[in-house]
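These notes are about the structure you will find just below.
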Amino acid sequence: MTTLLIHNAEAVATFDDARTELRQASVFIRNNLIEAIGNAADLPQTADEVIDARGHVVIPGLINTHHHMYQSLTRAIPSVQNAELFGWLKGLYPIWAGLTPDMVQVSTQVAMAELLLSGCTTSSDHLYIYPNGVRLDDSIEAAREIGMRFTATRGSMSVGQSQGGLPPDRVVEKEDAILKDTQRLIEQHHNARHGSMTQVAVAPCSPFSVSRDLMRESAKLARHYGVRLHTHLAENDHDIAYSREKFNCTPTEYAQDLGWLGHDVWHAHCVKLDDDGISLFAATRTGVAHCPCSNMRLASGIAPIRKMLNAGVPVGLGVDGSASNDAAHMLNEARQALLLARVGRSLDPFGCDHGPAEMTARDALAVATRGGAEVLGRQDIGHLAPGMCADLAMFDLRTLGFAGGAVHDPVGSLLLCASAQAAYTVVNGKVVVRQGQVTTVDLGPLVERHNQLARQLAQAAKGVQA
């Protein structure tokens with residue numbers, strides 16, 4: 001039995017049902033669960049480890065609901081810096097065809113280190129390309145080493161260019177092999193218990209890279225095993241046009257026809273979800289992973305997040321791929337969600353009267369915590385309360401970026417002031433970021449190796465093209 005005391009924080013924002021916020025408060029952790037939260041004077045004063053939280057704000061660990069971690073190897077590639085989604089993908093598919101297991105492991109840890117340093121404790125990852133012996137196991141092993149709570153989604157592509165799809169034929173897989181490997185991964189790695197560190201979801205990539213049959217069979221497989229379903233949907237205008245041309249329907253109608261709506265499904269982006277789609281998502285409790293930075297980076301548009309939330313759609317936050325963001329800072333992603341919701345509403349001729357209150361700082365933090373937990377189907381993370389997993393992040397309010405802000409509103413300043421790095425991040429009761437440094441991996445050699453592999457990947461693609 002081990003205990004951890006987060007002692008005498010300036011503020012603890014629990015994001016429980018009442019959105020309780022406490023001042024001069026402590027959090028007492030036993031093993032991997034929160035045992036007590038309350039006034040510092042009323043909680044134990046000692047533990048196996050005590051972290052002095054004076055001057056810090058404590059929040060639930062942030063939850064990332066959509067990522068492509070291998071893409072950290074291809075950030076800022078010059079040829080696609082100014083491309084929209086389809087052009088961006090076509091430019092990067094040939095590079096990603098050179099991925100190796102080592103590249104996936106190293107890039108996953110780099111992406112997770114970046115997330116942990118931003119206060120993120122749980123992340124999903126959508127790995128949908130499997131060349132050269134790459135397996136989803138490579139990502140799962142990397143997550144276990146670094147100590148991040150992980151929803152690993154077995155992505156796939158099966159429709160290449162010769163069949164009317166977007167990806168080159170050489171990066172797609174046979175559908176029977178996809179389903180067989182997905183079943184193996186669920187049986188080998190998925191853990192549905194309270195406090196699970198690893199879960200597996202079924203995740204065909206997109207309407208323009210997989211068949212209807214694979215979508216249907218994937219849904220059947222997932223529901224047989226009781227795991228979740230994930231894909232991309234309605235990301236930009238080209239995405240909508242493809243669905244109408246190929247399937248003669250909207251993306252939401254496409255999803256409905258294939259059994260891809262329900263409380264066990266979440267879709268990434270949904271920038272172009274129309275009113276009928278929002279209503280159907282709300283009625284079926286289908287989730288959305290909102291990726292504001294990626295949507296801006298690729299000029300995809302502004303997702304109608306407030307409209308979704310008002311309708312009752314579960315919404316979480318996602319940083320999306322590191323090559324379309326090009327970062328993985330979850331606190332900054334929440335800040336961008338806040339700002340984009342406000343400017344998006346100002347562009348709506350029927351919504352200008354709502355103004356800045358369209359999305360508050362606490363609303364955005366709720367999407368990044370409780371919303372993410374709901375989207376990933378987790379009832380044991382997302383807010384701070386006795387019995388919940390001990391996942392939390394601490395930010396030092398005494399640093400330059402918070403000067404003049406935290407004294408007025410320590411919680412609101414997290415998003416209204418410059419996006420800070422976490423001083424401490426705790427996952428499953430273990431300190432994985434301490435005083436701004438990752439404790440579970442040596443970042444210097446990891447980043448050096450990552451940069452070597454990034455160069456190798458890009459150079460190999462140039463050689464193939466030559």
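In this text the structure is predicted, and so the values were computed from the model without any measurement.
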>> Please check: side-chain N/O of S196 versus main-chain N/O of A192, any donor-acceptor pairing under 3.5 Å?
In response: no

>> Consider salt bridge (Lys or Arg N to Asp or Glu O under 4.0 Å). Of R54, R23, R398, which one does E10 pass it with?
In response: R23

> Looking at I95 and L457, what are the two nearest heavy atoms and their distance?
Replying inline: O-CD1, 3.2 Å

> Within the distance-only criterion (no hydrogens, no angle test), does the side chain of S294 pair as donor or acceptor with the backbone N or O of N325 below 3.5 angstrom?
Replying inline: no

>> By the definition side chain to side chain contact (heavy atoms under 4.5 Å, CB included), identify the one residue from T252, T284, T231 that meets it with W260.
In response: T231

>> Going by side-chain hydrogen bond (donor to acceptor under 3.5 Å, both in side chains), name the residues that satisfy it together with R285, two or more places apart in sequence or in a different chain.
In response: E374

>> Could you check whether any side-chain heavy atom of M103 comes within less than 4.5 Å of a side-chain heavy atom of L73, counting everything from C-beta outward?
In response: yes

> Checking T360 side chain against D363 main chain: does a donor-acceptor pair fall under 3.5 Å?
Replying inline: yes

>> Between F86 and F208, is the ring centroid distance below 6.0 Å?
In response: yes

>> Give me the atom names and distance for the closest heavy-atom approach of H269 to A303.
In response: O-CB, 4.1 Å

>> Between T153 and G155 (side chain of the first, backbone of the second, donor and acceptor by atom type, cut-off under 3.5 Å), is there such a pair?
In response: no

> Quick one: which of V426, T440, T121, T425 gives a side chain to side chain contact (heavy atoms under 4.5 Å, CB included) with V433?
Replying inline: T425

>> Restricting to non-hydrogen atoms, name the atom on L22 and the atom on A25 that form the minimum distance, rounded to 0.1 Å.
In response: CB-CB, 3.6 Å

> In Å and rounded to the nearest 0.5 Å, what is the SG to CG distance from C389 to D380?
Replying inline: 4.0 Å

>> So H68 and Y128, do their side chains get closer than 4.5 Å, heavy atoms only?
In response: yes

>> Give me the atom names and distance for the closest heavy-atom approach of A364 to A334.
In response: CB-O, 3.6 Å

> Within the distance-only criterion (no hydrogens, no angle test), does the side chain of N295 pair as donor or acceptor with the backbone N or O of C291 below 3.5 angstrom?
Replying inline: yes

> Of all residues at least two apart in sequence or in a different chain, which pass the side-chain hydrogen bond (donor to acceptor under 3.5 Å, both in side chains) check with Q199?
Replying inline: none

>> Taking the ring centre of each residue, are H232 and H267 less than 6.0 Å apart?
In response: no

> Does the gap between the ring centers of H67 and H126 come in under 6.0 Å?
Replying inline: no

> Do you know the tightest heavy-atom contact between G372 and T65?
Replying inline: CA-CG2, 3.6 Å

>> Taking A201's backbone N and O only, do any of them form a donor-acceptor pair with R154's side chain (distance below 3.5 Å, no angle check)?
In response: no

>> A side-chain contact here means heavy atoms from C-beta on lying under 4.5 Å apart; do W266 and V288 qualify?
In response: no

>> I'd like to know if the side chain of N64 and the backbone of V319 have a donor-acceptor N/O pair within less than 3.5 Å.
In response: yes

>> Taking the six-membered ring of F15 as reference, does the cationic atom of R362 (NZ for Lys, CZ for Arg) lie under 6.0 Å from its centre and within 45° of its axis?
In response: no

> Taking the six-membered ring for Trp, are H290 and H66 ring centroids under 6.0 Å apart?
Replying inline: no

